[in-house]
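Values below: all heavy atoms of this structure, side chains included; hydrogens, waters and symmetry mates excluded. Whatever order the structure lists ligands and atoms in, that order sets their numbers, starting from 1. Residue numbers start at 1 and run along the sequence shown.
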Amino acid sequence: MINIVIFGPPGAGKGTQSERLKDKFGLVHISTGDVFRGLDPTSELAKLAKSYSEKGNLVPDEITISILESEVAKHPNARGVIYDGFPRTTTQAEALDSFLSKKNSAITMALALEVEEDELRVRLKNRALDSGRPDDADPSIIQNRIDVYNAQTAPVAAFYKAQGKYVGVNGIGNKEDIYNRLVEAIEKKA
Ligand code: ADP
């Protein structure tokens, strides 16, 4: 199995690039952000998740990990998975490793889209114009998401570096060039 974590700050382009990479390599794309937004909005779980995400905070690990595991279970015959927006904490990264090892599988690589903060702020503000997402609309919520990323998610890079699985890719430039860089990085490692 090819299991790729696509890693990077909010607005780095993880979702956009994952959609193309999944087609190219025949993988399933699982975005925890999309899963949360796709829940029945009247359900308790959706309301709970929204109470965190609308402020730009992380949904608690326990909930997120169980959501992720049930999403993976929906694709028993997958050739592999692109994990987008997960893991976002070291606890989630550890949970993913033990979940995969129970299936005699493992993460192949963590592909990190590297984009600096000023560029992220511009991209998220632009995305707000058409995404309709409340967490994109407000500069203070955008800033909180960047702060949460730096405090809670950036340490996940060290987790994968320690395993020799971290591959950084320049996330600045046009989408096509970035896509080609990612394809090259995957072909080298997978
Ligand atoms: P972004 O564009 O910020 O990368 P996502 O669509 O990946 O956004 O996620 C939107 C929101 O969903 C996050 O701000 C967070 O509240 C919640 N979320 C998504 N994935 C996770 C996760 N792995 N752990 C905790 N919360 C998550």
Does a salt bridge link Asp136 with Arg145, judged by any charged N lying under 4.0 Å from a carboxylate O? yes
Does Ile2 belong to the same Ile/Leu/Val/Met/Phe/Trp/Tyr cluster as Val169, with side-chain heavy atoms less than 4.5 Å apart forming each link? yes
Across all chains, not counting sequence neighbours, the side chain to side chain donor-acceptor pair (under 3.5 Å) partners of Asn180 are none
Just to be sure I understand the cut-off, which residues have at least one non-hydrogen atom under 4.0 angstrom from an atom of ligand 1? Pro10, Lys14, Thr32, Gly33, Phe36, Arg37, Ser53, Asn57, Leu58, Val59, Thr64, Gly85, Phe86, Arg88, Gln92, Arg127, Arg133, Asp135, Arg145
Is the shortest side-chain N to carboxylate O distance from Lys74 to Glu71 below 4.0 Å? yes
Contacts of type side chain to side chain donor-acceptor pair (under 3.5 Å), residue Asp177, not counting sequence neighbours: Asn174
According to side chain to side chain donor-acceptor pair (under 3.5 Å), who are the partners of Ser70, at least two apart in sequence or on a separate chain? none
